[in-house]
Amino acid sequence: MNEIVKLVPHNMPPVELAAHTQTAHNLMKRRVGRTMRNCMSTVQLIPQLTQADTLEELLQMQGAVMRRLQQQHQAWIEGCTALVHDYSQIKQANTMTKLLEQQFNLFANFGQLMNAQITGLVGLQENIEVDFGYWAHQKLNP
């Protein structure tokens with residue numbers, strides 16, 4: 001922990017760092033709580049798995065997840081294709097300045113692609129958790 005504190009700029013108030021840490025802690029705590037509730041709901045729903053409407057609704061949720069994953073995959077393929085194209089353009093640089101500019105643009109584009117993928121997947125996971133929790137609550141409390 002001391003090593004991390006040393007990396008923090010000296011002008012950053014400790015309150016801001018503590019607030020950021022607290023936010024991350026609170027979000028993880030909420031997520032763990034949501035996961036535990038979903039686990040308990042899943043166990044309670046086991047007897048209903050023989051009902052056609054329950055299975056149909058679960059399959060619809062699964063289909064929606066698969067469509068989102070396919071969109072995410074398509075965006076990944078398109079992003080990687082664009083990166084390959086950008087990379088192929090680097091060899092056409094005729095000055096060191098242009099070469100460095102193109103390389104940093106390539107790294108920035110890669111960072112944006114990774115950001116979009118990671119936030120998209122985490123967002124999907126959060127949506128699944130919330131949507132399943134809502135659905136399970138409705139099924140268990142008609």
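The line from CG of L124 to CZ of R67 is 11.5 Å long, rounded to the nearest 0.5 Å. We find the OH-CG distance between Y87 and L106 to be 8.5 Å, quoted to the nearest 0.5 Å.
Proximity of W135 to T54: side-chain heavy atoms (C-beta onward) are separated by under 4.5 Å at one or more points. Residues N38 and R34 form a side-chain contact, since some pair of their non-hydrogen atoms from C-beta on lies under 4.5 Å apart.
Within a 6.0 Å sphere centred on CD of Q62, heavy atoms belonging to other residues, nucleotides or ligands number 12 at most.
When every heavy atom of R68 is checked against every heavy atom of G120, the shortest pair comes out as NH2-O, 3.8 Å. When all heavy atoms of L121 and L69 are compared, the pair lying nearest together is CD2-CD2, 3.9 Å. What you find for Q89 and Q102 is that their closest heavy atoms are O-OE1, 3.4 Å.
Linking Ile, Leu, Val, Met, Phe, Trp and Tyr residues whenever their side-chain heavy atoms come within less than 4.5 Å leaves I118 and I128 in two separate clusters. Residues F132 and V65 fall into different hydrophobic clusters, defined by Ile, Leu, Val, Met, Phe, Trp and Tyr side chains chained together at heavy-atom separations under 4.5 Å.
In this structure a side-chain-to-backbone donor-acceptor pair under 3.5 Å is present from N141 to H137. Side-chain atoms of E129 never come within 3.5 Å of backbone atoms of R31 as a donor-acceptor pair (strictly under, hydrogens ignored).
Residues D86 and N105 have side chains that never bring a donor and an acceptor to within less than 3.5 angstrom of each other. Between the side chains of Q74 and Q70, no donor N or O sits under 3.5 Å from an acceptor N or O.
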